[in-house]
2 protein chains.
Amino acid sequence: MIIALEPSLVQRSPPVAACVDRAQSSDCSNCGARALSVCGTADISDLQRLGELAEVIKLKSGAVLIREGDPAPHVFNITAGSLRVYKLLPDGRRQITGFLFAGDFLGLAISEFYVFSAEAMEASTVCRFRKGPFSALVARSPPLEHMLLHRTSHELAAAQNQMLLLGRKTAIERMASFLLDLPGHDPTRPSAPGHVRLPMKRAEIADYLGLTIETVSRVLTRMKVKGLISTTSPHELIVERPERLRQHAAGEV
Amino acid sequence: MIIALEPSLVQRSPPVAACVDRAQSSDCSNCGARALSVCGTADISDLQRLGELAEVIKLKSGAVLIREGDPAPHVFNITAGSLRVYKLLPDGRRQITGFLFAGDFLGLAISEFYVFSAEAMEASTVCRFRKGPFSALVARSPPLEHMLLHRTSHELAAAQNQMLLLGRKTAIERMASFLLDLPGHDPTRPSAPGHVRLPMKRAEIADYLGLTIETVSRVLTRMKVKGLISTTSPHELIVERPERLRQHAAGEV
DNA sequence: CGCCAAATTGAACGGGGTCAAACTAGGTGG
DNA sequence: CCACCTAGTTTGACCCCGTTCAATTTGGCG
């Protein structure tokens, strides 16, 4: 299921590229230029030392990387592909708390046990670090620590948006928010404007938005009828009226 | 509404006490001892330099400290009292994303504008830092930055729990989770075991749990009928069957 | 082409919302 | 000290959005 590759591969320190790319590309449009540059300058030397600590792990689609409740000796950085992060209730109800892509970190929360599960949504590659050496290096590298704080803060802000969505938005508002947020999350696959790839299946969208697959499907149909979107396949759609969609997402109706 | 006190008061650097207290007291029970010690050792000298940057601000109950969308020149640390953090939709729907108490930081996400609002729930005191000098100091003090990362990671973990609650839990499960989480959040007012202070009103509980005040009230009544809790006043209750409540919170049953 | 998981559509139900009324409590002034 | 007043809470009746259960259609892949 999980296959560790040769350490030799590590020399090229794949996480370096991932980290830097992500920091420079998306997300930071709302940060001041200053924050951006701090991301960028997380010196190559530090990142390379980080790379030297990494084990590269390849995941097949559907492979479980992290199981909630297991001891948590590792921190991960995604270098290719995408993962879903979720929490379960004993009866099987699932809440997906996020989709992660190349460049994202996982398991930073310092806790003896993982507090969420994570699975590959497609064939993916991650770098794995033992927590001890990882923290030690981070502690000695202010730019690294700064980058982690910066990212974690952004994730927290995203989490607060998701709380608003889950607690107070209607089904159509949730879907609209989702469709507008989705592109630009995968730095390795920039999408044409207006085109939205839905790499996940309906069940995952539902569990991310706090809905059921039936409601997801019905809402998409309603959106098509209203002319807000059009679909080519179940995994690809086109936003026909972005402004209208944005209004729904913002709860303006 | 907002009254800045004499800078002289700052000399005693009240945030120092707050920071250290909180780090040592709650929260970290699930961190390894190492993490704890890192919190604790966020050297007094660094914290004092932080204190020198602070302006002390007193807030009356209900005062708005932060308004979503406003320019965001400051970072805050709460030294006394409690705040609610929330996001609004244009039609007035509100999602409270968290309650903050003495020792908590606000506004760390580096963004040009605040992405949430914050109000005092009672008479409170906060320390205010200009973002520039604050980040500069933090960047020069690895222990400080580490503490911030540590806290932010924990907040993120809490946010993920809240997403599970908002997306997948029933009304009674939400309330049970809330009642069990609430105590131990205010380090300045430790509560007797089994006793839960509800300093907020029903509307705030509702907006935190993604429910309405009527449902909050009905669920509390149902809990009383079931013998799970008993109430002395609307703002104080006693958990009669903690194990049963815990089961509800976990979604067993 | 045929298979089967995934997605869509339909019909009926129900948890929680909405609207409205009754009740409490805690603060105020006489 | 108590009667009053009002914000806050509780309770009741009804309704609706999203769920549940079930049947049908689609489409990706051998």
Side-chain angles (χ1 to χ4, degrees), chain A residues 61-62 84 89 91-95 121-123 165-179 196-226 229-237 248 251 253, chain B residues 61-62 84 89 91-95 121-123 165-179 196-226 229-237 248 251 253:
Chain A
S61 177
R84 53 176 169 263
L89 291 175
D91 62 1
R93 281 174 285 172
R94 178 176 70 164
Q95 179 64 41
M121 295 203 294
E122 58 188 319
L165 180 149
L166 292 170
R168 289 303 182 209
K169 288 188 183 177
T170 65
I172 195 168
E173 289 166 351
R174 293 179 197 206
M175 185 60 66
S177 306
F178 177 66
L179 294 179
V196 180
R197 260 192 355 117
L198 295 174
M200 60 289 291
K201 49 181 76 160
R202 296 290 181 268
E204 292 171 314
I205 300 176
D207 285 350
Y208 181 62
L209 298 179
L211 300 170
T212 60
I213 50 179
E214 293 93 333
T215 300
V216 167
S217 182
R218 277 187 254 268
V219 167
L220 285 173
T221 314
R222 259 200 285 158
M223 284 181 167
K224 276 191 276 188
V225 172
K226 285 189 171 194
I229 61 169
S230 60
T231 59
T232 56
S233 95
H235 296 285
E236 168 91 18
L237 61 81
H248 272 106
V253 183
Chain B
S61 178
R84 53 176 168 261
L89 291 174
D91 63 2
R93 280 173 286 172
R94 178 176 69 163
Q95 180 64 41
M121 296 204 293
E122 58 189 319
L165 181 150
L166 292 170
R168 290 303 182 210
K169 288 188 184 177
T170 65
I172 195 168
E173 288 167 351
R174 293 180 198 206
M175 185 59 67
S177 306
F178 176 66
L179 293 180
V196 179
R197 257 188 3 112
L198 296 174
M200 61 289 291
K201 49 180 78 160
R202 296 291 180 268
E204 291 171 315
I205 299 175
D207 285 351
Y208 181 62
L209 298 180
L211 301 170
T212 60
I213 50 178
E214 293 92 334
T215 300
V216 167
S217 182
R218 277 187 256 268
V219 166
L220 284 173
T221 312
R222 259 201 285 160
M223 284 181 166
K224 276 190 277 188
V225 172
K226 286 190 170 195
I229 61 170
S230 61
T231 59
T232 57
S233 94
H235 295 286
E236 168 93 17
L237 61 81
H248 271 106
V253 181

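The figures that follow rest on heavy atoms only: side chains count, while hydrogens, waters and symmetry mates do not. These numbers come from a predicted model, not from an experiment. Sequence lines set the chain letters: A, B, ... in the order given, protein chains first and strands last, and positions in each chain run from 1.
The shortest heavy-atom contact between A:Arg94 and A:Ala203 is NH2-O, 3.8 Å. Here the shortest heavy-atom pairing between A:Leu237 and A:Leu198 reads CD2-CD1, 3.8 Å. In this structure, B:Glu173 and B:Arg168 approach most closely via the heavy-atom pair OE1-O, 4.4 Å. Of all the heavy atoms in B:Ile172 and B:Met223, the pair that sits closest is O-CE, 3.6 Å.
Summarising the geometry, atom OH belonging to B:Tyr208 is positioned 8.5 Å from atom CE belonging to B:Met200; distances are rounded to the nearest 0.5 Å.
For residues 212-222 of chain A, proximity to DNA chain D is found at A:Thr212, A:Glu214, A:Thr215, A:Arg218, defined as any non-hydrogen atom under 4.0 angstrom from a strand atom.
For A:Asp207 and D:dG18, the CG to C1' distance is 15 Å, given to the nearest whole Å. When rounded to the nearest whole Å, the span between CG of B:Leu198 and C1' of D:dG8 equals 14 Å. Look at NE2 on A:His235: it is 11 Å from P on D:dG27, rounded to the nearest Å. One can place CG of A:Leu166 at 15 Å from C1' of D:dG18, the figure rounded to the nearest angstrom. In this entry the distance linking NZ of B:Lys201 with P of D:dT9 reads 7 Å, nearest Å. Residue A:Arg202 contributes atom CZ, which lies 19 Å from atom P of D:dT25 at whole-angstrom precision.
In terms of position on DNA chain C, the residue among B:Thr170 and A:Ala203 whose nearest nucleotide sits closer to the 5' end is A:Ala203.
Here the range on DNA chain C touched by chain B, meaning any atom under 4.0 Å from one of its heavy atoms, is C:dG16 to C:dC19.
Residues B:Ile229 and B:Leu220 meet the side-chain proximity criterion, which asks for heavy atoms closer than 4.5 Å.
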Q | From CA spacing to verdict: side-chain hydrogen bond (donor to acceptor under 3.5 Å, both in side chains), A:Ser177, A:Lys169 | A | CA-CA 9 Å; A:Ser177 306; A:Lys169 288 188 183 177; 3.0 Å; yes

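With hydrogens and angles ignored, the 3.5 Å screen pairs no side-chain donor or acceptor of B:Asp207 with any backbone N or O of B:Leu209.
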